[in-house]
Every structure is written in C-alpha cells, then in structure tokens.
Amino acid sequence: QAQLEESGGGSVQAGGSLKLSCVASESIASTWGMGWYRQTPGQERELVATISNDGTTDYTESVKGRFTISRDYAKNTLYLQLNSLKIEDTAMYYCAADHLLGWEWFLLDPPRQPAYWGQGTQVTVSS
C-alpha cells in the first residue's frame, strides 16, 4: 500500500514563508506525477500545484509566483515552498500521487481524484 506523509505546516504571519515536505513510500514510482492540494472547511479540495513525471510544473493562478513545487527523486520526497503567504492561503494542505497527475488536471471538469493522498498538514496564516 502506497503511503504519503506530509510535514512542515504551521502558523505564520502574512508575508512569511513555509516549506512543506511529503515523503512517499517506495511504491510511489518515480514515473508518477505528484501534486499538492488544499482544503478549507466546507470547501472542495483545490489543486494547488503539480509536477508531472517529466518534471513539468504548474500552479493554480492564485499562487503563481509565490509557491514552488519540487521533487527530490533520491529521497522520494515532494516539496512545496510557500512564500509571501496570505491569509487566504490558510488551509489543510495535502500531498497526492497518481500515475497520470500533471498540469492537465487543472483543466479537468469534473476534477479527477488522485490514487493516493497524504493525511494533510495545516497551514495557518494570520495578520
């Protein structure tokens, strides 16, 4: 059974930074795409950033220029660098993996659900 475990969430003031990490079990192939989602209470889970199996990255419009997704294949770890944080970035952030996950998923309607999810890490941004 594939596993994803996030860490790095916390509470910061607006304008601050955080770096989220997601360690993937070895059953998550390096050829799979990975991504970060976020969710606030009462809202649908939102796709935030993707990194395809060829290394192509993409972001939802509201985080472009502020967030950076990256992947360390040697460590089986996915990262999300969050800079210039805003109050509206407050959410539970989830790591996800799927053999087809990539930038195209921002265009899918209805959204496609990844095969695997982490348990989430909370990011809280205050004024």
Side-chain angles (χ1 to χ4, degrees):
Q1 180 71 17
Q3 291 186 327
L4 300 168
E5 185 170 354
E6 304 98 330
S7 62
S11 298
V12 295
Q13 290 190 317
S17 298
L18 284 172
K19 187 171 185 177
L20 308 183
S21 300
C22 171
V23 178
S25 62
E26 291 184 356
S27 54
I28 301 291
S30 61
T31 56
W32 284 30
M34 297 189 74
W36 289 95
Y37 288 72
R38 66 185 179 186
Q39 188 174 26
T40 55
Q43 300 297 315
E44 296 290 324
R45 202 165 288 191
E46 173 192 27
L47 180 58
V48 175
T50 62
I51 183 164
S52 304
N53 56 11
D54 65 357
T56 302
T57 60
D58 203 4
Y59 304 87
T60 192
E61 194 65 33
S62 63
V63 308
K64 285 182 179 178
R66 301 188 298 120
F67 291 8
T68 303
I69 189 171
S70 61
R71 188 171 178 179
D72 186 330
Y73 291 90
K75 296 182 178 180
N76 289 335
T77 301
L78 180 73
Y79 301 100
L80 187 67
Q81 178 69 45
L82 296 73
N83 295 331
S84 303
L85 280 161
K86 302 177 180 181
I87 292 174
E88 53 263 40
D89 294 319
T90 296
M92 184 72 78
Y93 283 72
Y94 297 90
C95 172
D98 189 281
H99 71 292
L100 293 178
L101 205 161
W103 63 268
E104 304 92 337
W105 284 39
F106 285 103
L107 307 177
L108 297 177
D109 187 14
R112 177 170 174 152
Q113 298 301 309
Y116 297 103
W117 294 100
Q119 83 288 349
T121 187
Q122 177 69 36
V123 172
T124 302
V125 185
S126 60
S127 59

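Throughout, numbering of the chain's residues begins at 1 and tracks the sequence. These figures come from a predicted structure and were not determined experimentally.
Evaluation of the side-chain contact (heavy atoms from CB on, under 4.5 Å) rule for V125 yields V12, A14, L85, D89, T90, V123 as partners, not counting sequence neighbours. By the salt bridge (Lys or Arg N to Asp or Glu O under 4.0 Å) test, E46 is found to be paired with R38, residues two or more places apart in sequence or in another chain being considered. For Y79, there are no ring pair (Phe, Tyr, Trp, His ring centres under 6.0 Å) partners at least two apart in sequence or on another chain. Judged as a side-chain contact (heavy atoms from CB on, under 4.5 Å), and not counting sequence neighbours, the contacts of T40 are Q43, A91. With sequence neighbours left out, S25 forms a side chain to side chain donor-acceptor pair (under 3.5 Å) with S27. Residues that satisfy the salt bridge (Lys or Arg N to Asp or Glu O under 4.0 Å) test with E61, not counting sequence neighbours, are K64. Contacts of T57 classified as side-chain contact (heavy atoms from CB on, under 4.5 Å), with partners at least two apart in sequence or in another chain: I51, Y59, I69. Residues satisfying the side-chain contact (heavy atoms from CB on, under 4.5 Å) criterion with L100, sequence neighbours excluded, are D98, W105, R112. Residues passing the ring pair (Phe, Tyr, Trp, His ring centres under 6.0 Å) test with Y37, sequence neighbours excluded: W117.
Judged by distance alone, the side chain of S52 and the main-chain N or O of G102 form no donor-acceptor pair under 3.5 Å. The main-chain N or O of Q119 is found under 3.5 Å from a side-chain atom of E6 such that the two form a donor-acceptor pair.
Nearest approach of G9 to L20, heavy atoms of both residues: N-CD2, 3.6 Å. Residues S17 and S84 approach most closely at OG-N, 4.3 Å, considering heavy atoms. Summarising the geometry of L4 relative to A24, their closest heavy-atom pair is CD2-CB, 3.6 Å, with the distance given to 0.1 Å. Considering every non-hydrogen atom in both Y73 and N53, the closest pair reads OH-O, 4.2 Å. Contact record, A29 with R71: O-NH2, 3.3 Å, taken as the closest heavy-atom pair.
We find the NZ-OG1 distance between K19 and T68 to be 9.5 Å, quoted to the nearest 0.5 Å. Here CD of Q3 is found 12.5 Å from CG of N76. Values are rounded to the nearest 0.5 Å. Summarising the geometry, atom OG belonging to S62 is positioned 8.0 Å from atom CD belonging to E88; distances are rounded to the nearest 0.5 Å.
The disulfide bond (SG atoms under 2.5 Å apart) analysis of residues 32-75, with sequence neighbours excluded, yields no pairs. For residues 33-127, the disulfide bond (SG atoms under 2.5 Å apart) pairs, not counting sequence neighbours, are C22-C95. Judged as a disulfide bond (SG atoms under 2.5 Å apart), not a single pair has a partner in residues 33-88 (not counting sequence neighbours).
Cluster membership check: L47 does not share its hydrophobic cluster with V63, using side-chain heavy-atom separations under 4.5 Å among Ile, Leu, Val, Met, Phe, Trp and Tyr. By the criterion of side-chain heavy atoms lying less than 4.5 angstrom apart, applied directly or through intervening Ile, Leu, Val, Met, Phe, Trp or Tyr residues, I28 is not grouped with L101; the two fall into different hydrophobic clusters. Each of Y94 and L78 belongs to its own hydrophobic cluster when Ile, Leu, Val, Met, Phe, Trp and Tyr are linked at side-chain heavy-atom distances under 4.5 angstrom.
Heavy atoms of other residues, nucleotides or ligands lying less than 6.0 angstrom from CD of E44 number 12 at most. Within 6.0 Å of atom CD in E104, more than 12 heavy atoms from other residues, nucleotides or ligands are found, so the atom counts as buried in its surroundings.
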### Query
Could you go step by step and tell me if F67 and W36 meet the ring pair (Phe, Tyr, Trp, His ring centres under 6.0 Å) rule?
CA-CA 11 Å; F67 291 8; W36 289 95; over 10 Å; no
